[in-house]
Amino acid sequence: MSFLVIGECVADIVRAPAGSGAADRVHPGGSPANVAYGLGRLGRDVTLLTQLADDPTGRLIADHLAGAGVRVEIGGVPERTPSAVVGLDEHGRATYSFDIAWTLEADPARRAPAHVHIGSIAAVTEPGSAAVLAVTEGLRGRATVSYDPNVRPELMGDHTEAVARVERCVALSDLVKASDEDLNWLYPGEDPHTVATRWLALGPAVVLVTRGADGSLAVTRRETVTADAPRVAVVDTVGAGDSFMSAVLDTLAGRGREALGGLGAEYLARLLRRAGAAAAVTVSRAGAHPPDRAELEAAREEFTFRSGRVS
């Protein structure tokens with residue numbers, strides 16, 4: 001089972017909380033890169049189509065990805081590797097300020113993987129997003145597709161146009177994962193379940209919504225399932241949603257388009273619990289450092305979850 005992840009790498013410069021006396025930290029990041037890294041940590045065959053400069057942070061990220069067995073395919077070399085200054089509040093919640101240009105170049109004609117994952121800045125930021133969508137559209141007939149909008153408001157531009165770009169990606173996908181914060185920015189004041197149901201009408205078989213400490217939600221055309229988040233001491237939330245996504249893709253590996261549409265309530269609950277365990281491990285340590293397979297299985301045994309079917 002091979003995966004192709006398309007999207008940005010970002011050097012996350014994590015600012016220490018004011019008055020803490022701690023030093024700033026630099027971590028390899030970028031939502032798609034984190035997802036690829038998480039899949040590699042879980043032993044999956046994964047390629048990341050991205051952009052990296054030949055500079056210190058670019059080499060740091062390349063070495064980091066190689067450490068998990070991720071193959072990196074460079075689609076154009078930017079002047080400098082993208083970066084994000086990450087601020088943490090007293091609860092470890094992250095905010096971001098970006099320095100990024102996304103100019104991906106890629107030939108849409110390529111050997112198909114079993115699954116393609118797209119998301120975040122790369123899927124909606126021109127001019128590179130055109131290449132992301134062209135590759136995805138070219139592969140969709142031979143591979144399943146997942147998408148995580150991972151909204152970064154300061155980079156989204158006009159709100160109406162941003163929603164249209166996100167919905168185009170949703171329509172290309174078989175599986176979509178979004179956070180409640182993503183949905184609140186895209187559709188202020190709307191209930192996440194309402195949005196998930198509307199997105200299903202665009203094409204996906206499964207929509208997942210993460211809700212931080214309040215757990216997660218899975219919605220299909222037949223089922224709605226919720227799961228609690230395990231209680232853990234949070235160091236920071238950097239990469240938590242990406243670890244959740246990697247665990248989801250690992251769990252669903254090999255299931256085709258039709259199988260995704262037929263997932264039952266019990267299976268969806270297990271999916272949410274396993275992905276929630278991956279996110280819990282990640283928030284318990286600094287930076288986007290997802291679990292390997294042994295750590296994830298241990299976490300599933302350690303954490304207690306409640307899940308339920310919504311009638």
Side-chain angles (χ1 to χ4, degrees), residues 3-15 24-40 46-87 94-110 113 116-139 147-158 161-162 165-166 168-169 238-239 241-242 245-246 287-288:
F3 292 85
L4 173 66
V5 179
I6 312 174
E8 72 275 4
C9 292
V10 178
D12 288 337
I13 305 167
V14 182
R15 298 286 192 228
D24 294 343
R25 307 185 306 273
V26 179
H27 296 291
S31 176
N34 291 341
V35 172
Y37 182 76
L39 284 167
V46 56
T47 298
L48 175 66
L49 173 57
T50 190
Q51 292 190 301
L52 281 175
D54 185 16
D55 56 20
T57 53
R59 291 188 288 273
L60 172 72
I61 293 170
D63 290 345
H64 169 75
L65 292 166
V70 178
R71 289 184 298 276
V72 176
E73 180 181 339
I74 300 298
V77 179
E79 286 187 16
R80 59 187 178 275
T81 297
S83 64
V85 175
V86 185
T95 57
Y96 298 82
S97 177
F98 290 93
D99 176 12
I100 183 170
W102 179 244
T103 58
L104 185 75
E105 301 171 359
D107 185 353
R110 61 177 52 237
V116 178
H117 176 73
I118 61 173
S120 197
I121 298 164
V124 295
T125 302
E126 293 290 358
S129 60
V132 175
L133 295 178
V135 172
T136 305
E137 289 169 345
L139 294 174
Y147 171 58
D148 178 359
N150 196 46
V151 168
R152 300 303 184 214
E154 59 269 44
L155 299 176
M156 298 297 284
D158 177 80
E161 293 178 1
R165 291 195 298 270
V166 167
R168 180 181 177 186
C169 294
V238 177
D242 303 323
M245 187 82 243
S246 296

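We're numbering straight along the sequence, starting at 1. Here the structure is a predicted model, which is why all the values come from computation and not from measurement.
- Looking at E73 and R110, a side-chain N of the basic residue comes within less than 4.0 Å of a carboxylate O on the acidic one, giving a salt bridge.
- Side-chain atoms of T47 never come within 3.5 Å of backbone atoms of L4 as a donor-acceptor pair (strictly under, hydrogens ignored).
- Other residues, nucleotides and ligands contribute over 12 non-hydrogen atoms within 6.0 Å of the CZ atom of R71.
- E8 places no side-chain N or O within donor-acceptor distance of the main-chain N or O of G30, the cut-off being under 3.5 Å.
- Looking at Y147 and T136, their side chains never come closer than 4.5 Å, going by heavy atoms from C-beta outward.
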Subject >> Steps toward side-chain contact (heavy atoms from CB on, under 4.5 Å) verdict (M245, N150) >> reply: CA-CA 11 Å; M245 187 82 243; N150 196 46; over 6 Å; no
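- Under the 4.5 Å side-chain criterion, counting only non-hydrogen atoms from C-beta, P32 is not in contact with I6.
- The pair R168-E137 meets the salt-bridge criterion, with a side-chain N (NZ, NE, NH1 or NH2) lying under 4.0 Å from an Asp/Glu carboxylate O.
- Rounding to the nearest 0.5 angstrom, the gap separating the CG atom in L104 from the OG1 atom in T50 is 7.5 Å.
- Taking each heavy atom of P78 and A53 in turn, the nearest pair found is O-CB, 3.5 Å.
- With hydrogens and angles ignored, the 3.5 Å screen pairs no side-chain donor or acceptor of D242 with any backbone N or O of G38.
- In terms of heavy-atom proximity, G40 sits nearest to V70 at CA-CG2, 4.4 Å.
- For the pair D54/V77, no side-chain contact is recorded, criterion being any heavy-atom separation below 4.5 Å from C-beta on.
- The distance from atom CZ of R165 to atom CE of M156, rounded to the nearest 0.5 Å, is 6.0 Å.
- Between Y37 and H64, the closest side-chain pair of non-hydrogen atoms falls below 4.5 Å.
- In this structure, H117 and L39 have side chains that are not in contact, with every pair of non-hydrogen atoms separated by 4.5 Å or more.
- Note that the CD1 atom of I118 and the CG atom of L49 stand 11.5 Å from one another [nearest 0.5 Å].
- When every heavy atom of P28 is checked against every heavy atom of D12, the shortest pair comes out as O-OD2, 4.4 Å.
- More than 12 heavy atoms of other shown residues, nucleotides or ligands fall within 6.0 angstrom of atom CD in E154.
- Interatomic distance, SG of C9 versus CD1 of I100, reported as 9.5 Å (0.5 Å rounding).
- P149 and V166 make their closest contact through CB-CG1, 4.3 Å (heavy atoms, listed as atom of the first residue, atom of the second, distance).
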Subject >> Worked verdict on S31 versus D148 for side-chain contact (heavy atoms from CB on, under 4.5 Å) >> reply: CA-CA 9 Å; S31 176; D148 178 359; 4.3 Å; yes
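- Here the closest non-hydrogen pair linking L139 and P113 is CD1-CD, 3.9 Å.
- If you take CG on L65 and CG on L52, they are separated by 7.0 Å, rounding to the nearest 0.5 Å.
- Within the 4.5 Å cutoff, the side chain of I121 has heavy atoms near those of the F98 side chain.
- Note that CG of L48 is 8.0 Å distant from CD1 of I74, once rounded to the nearest 0.5 Å.
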